[in-house]
Amino acid sequence: MKRMRAVSVAGAIVGFLSASSGLSAQGGQRVARPAQPASTPAPGVAAKLAPARGMLRTLAGTWRFEMRFAGNFDGPADVSGTRVFKPLFDSLRLEWTEALDHSSLQGQGVVGFDEKNGRFFSSGVYSGGSTPEFLIGTLDDGEPLVTFTPLPFAPDAGRVPGTAFSLNLIDADHFTAAALDRAWRAVFTRQQPQ
């Protein structure tokens, strides 16, 4: 019964399409459409692909971080923990998880590079927060630095202090993340496998 119904539905769709548009070989109207490659990157994107892929490859692994909030210049870290980046599907996306040392709060998300528009993207959700973060990132042309800003449709986009930030890859074992409004800064150090 199900097979008969599926064949009937498929037959009805084919019949409708044939009757309404006609085949060009049977005298039906021919519609000219310009050919569009499946995934043509925007101009200049190809030059950013290799550096973006290299940054993401470097970020993969386990990192210890120490975060200090505004005003804490030389005291102990206000927050510390571990963040793990793992490849997700391909070399242009990483999933991450985060655990704080002295708190049950956790976070997870995705960071990657969109090879069609030449921009990074980031999303994150935290056990202590009510809304996720959605950010878009611009790769600096001169150094391994990505500046992330909230997407305009995100809840409270641009109104939450410390949301926009920069990620600066210092070397294979260190990177920093710092809020553009200087609300916080964090230093990440790669943890070697034991």
Side-chain angles (χ1 to χ4, degrees), residues 48-115 117-151 154 157 160-194:
K48 293 180 185 261
L49 186 57
R53 186 172 276 132
M55 283 186 74
L56 292 167
R57 183 177 45 247
T58 301
L59 287 175
T62 302
W63 300 83
R64 287 284 304 151
F65 68 88
E66 291 187 342
M67 179 181 282
R68 289 173 173 79
F69 297 113
N72 183 354
F73 298 106
D74 58 359
D78 294 307
V79 177
S80 60
T82 304
R83 184 175 279 198
V84 178
F85 290 96
K86 293 180 182 176
L88 178 66
F89 306 125
D90 58 25
S91 62
L92 294 176
R93 291 175 278 241
L94 299 172
E95 64 179 328
W96 59 265
T97 57
E98 180 178 283
L100 303 181
D101 288 340
H102 303 289
S103 172
S104 61
L105 293 176
Q106 297 178 349
Q108 65 184 62
V110 176
V111 64
F113 184 76
D114 184 340
E115 60 188 316
N117 68 16
R119 292 184 159 233
F120 278 82
F121 58 87
S122 175
S123 67
V125 63
Y126 298 89
S127 62
S130 60
T131 59
E133 294 178 345
F134 299 104
L135 303 124
I136 190 104
T138 304
L139 177 63
D140 187 280
D141 290 332
E143 61 181 314
L145 171 75
V146 180
T147 303
F148 287 97
T149 55
L151 289 172
V160 177
T163 305
F165 71 95
S166 64
L167 185 149
N168 190 357
L169 192 59
I170 298 170
D171 59 34
D173 294 323
H174 302 89
F175 75 90
T176 61
L180 297 183
D181 65 3
R182 300 183 180 146
W184 56 267
R185 65 195 182 288
V187 176
F188 290 76
T189 304
R190 183 180 301 279
Q191 298 298 286
Q192 300 304 324
Q194 297 180 12

Open item on the list: Under the rule for side-chain hydrogen bond (donor to acceptor under 3.5 Å, both in side chains), what residues qualify as partners of S91, not counting sequence neighbours?
Closed with: R53

TODO: List in chain and number order the residues that pass side-chain hydrogen bond (donor to acceptor under 3.5 Å, both in side chains) with R57, two or more places apart in sequence or in another chain; answer none if no residue qualifies.
DONE: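 So R57 forms no side-chain hydrogen bond (donor to acceptor under 3.5 Å, both in side chains) with any residue.
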
Task: Spacing of CG belonging to L56 relative to CG belonging to L169, to within rounding of 0.5 Å - done: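 Answer for the CG-CG pair, L56 versus L169, is 10.0 Å.
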
Task: Approximate separation, where rounding is to 0.5 Å, of L49 CG and D114 CG - done: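 If I round to the nearest 0.5 Å, the distance is 10.5 Å.
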
Please identify each residue that fulfils salt bridge (charged side-chain N to carboxylate O under 4.0 Å, His left out) with [X], with sequence neighbours left out.
{"X": "E95", "value": "none"}
{"X": "D90", "value": "R93"}
{"X": "R83", "value": "E98"}
{"X": "D101", "value": "R64"}

Open item on the list: Could you work out, with ring pair (Phe, Tyr, Trp, His ring centres under 6.0 Å) as the rule, every residue matching F188, not counting sequence neighbours?
Closed with: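 F188: ring pair (Phe, Tyr, Trp, His ring centres under 6.0 Å) contacts with F65, F175.
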
Open item on the list: Once ring pair (Phe, Tyr, Trp, His ring centres under 6.0 Å) is applied, do any residues pair with Y126, and if so which ones, sequence neighbours excluded?
Closed with: W96

Nearest atoms (heavy-atom pairs only) where [X] meets [Y]:
{"X": "S104", "Y": "S127", "value": "O-OG, 4.1 Å"}
{"X": "L135", "Y": "P150", "value": "CD2-N, 3.6 Å"}
{"X": "A172", "Y": "W63", "value": "O-CH2, 3.8 Å"}
{"X": "F134", "Y": "S123", "value": "CD2-CB, 3.9 Å"}

Task: side chain to side chain contact (heavy atoms under 4.5 Å, CB included) partners for T62, two or more places apart - done: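 For T62 the side chain to side chain contact (heavy atoms under 4.5 Å, CB included) partners, ignoring immediate neighbours, are T82, V84, Q191.
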
Task: Set of residues satisfying side chain to side chain contact (heavy atoms under 4.5 Å, CB included) with respect to R68, sequence neighbours excluded - done: E66, N72, A77, D78, R185

Task: Residues F121, V110; criterion side chain to side chain contact (heavy atoms under 4.5 Å, CB included); working and verdict - done: CA-CA 8 Å; F121 58 87; V110 176; 3.9 Å; yes

Task: Sequence neighbours excluded, every pair satisfying side-chain hydrogen bond (donor to acceptor under 3.5 Å, both in side chains) that has a member inside residues 165-178 - done: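 Output for this query lists D171-H174, D173-R190.
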
Task: Intermediate values then yes/no, side chain to side chain contact (heavy atoms under 4.5 Å, CB included), L94 and K86 - done: CA-CA 5 Å; L94 299 172; K86 293 180 182 176; over 6 Å; no

Open item on the list: Quick one, L139 and M55 - any side-chain contact, counting heavy atoms below 4.5 Å?
Closed with: yes

Task: Close side-chain approach of V125 to E133, heavy-atom, < 4.5 Å - done: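 Side chain of V125 against side chain of E133, heavy atoms only: no contact under 4.5 Å found.
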
List the atom pairs, with distances to 0.1 Å, where a side-chain N or O of residues 141-149 and a protein N or O form a donor-acceptor pair under 3.5 Å, not counting sequence neighbours.
from	atom 1	to	atom 2	distance (Å)
D141	OD1	K48	NZ	3.1

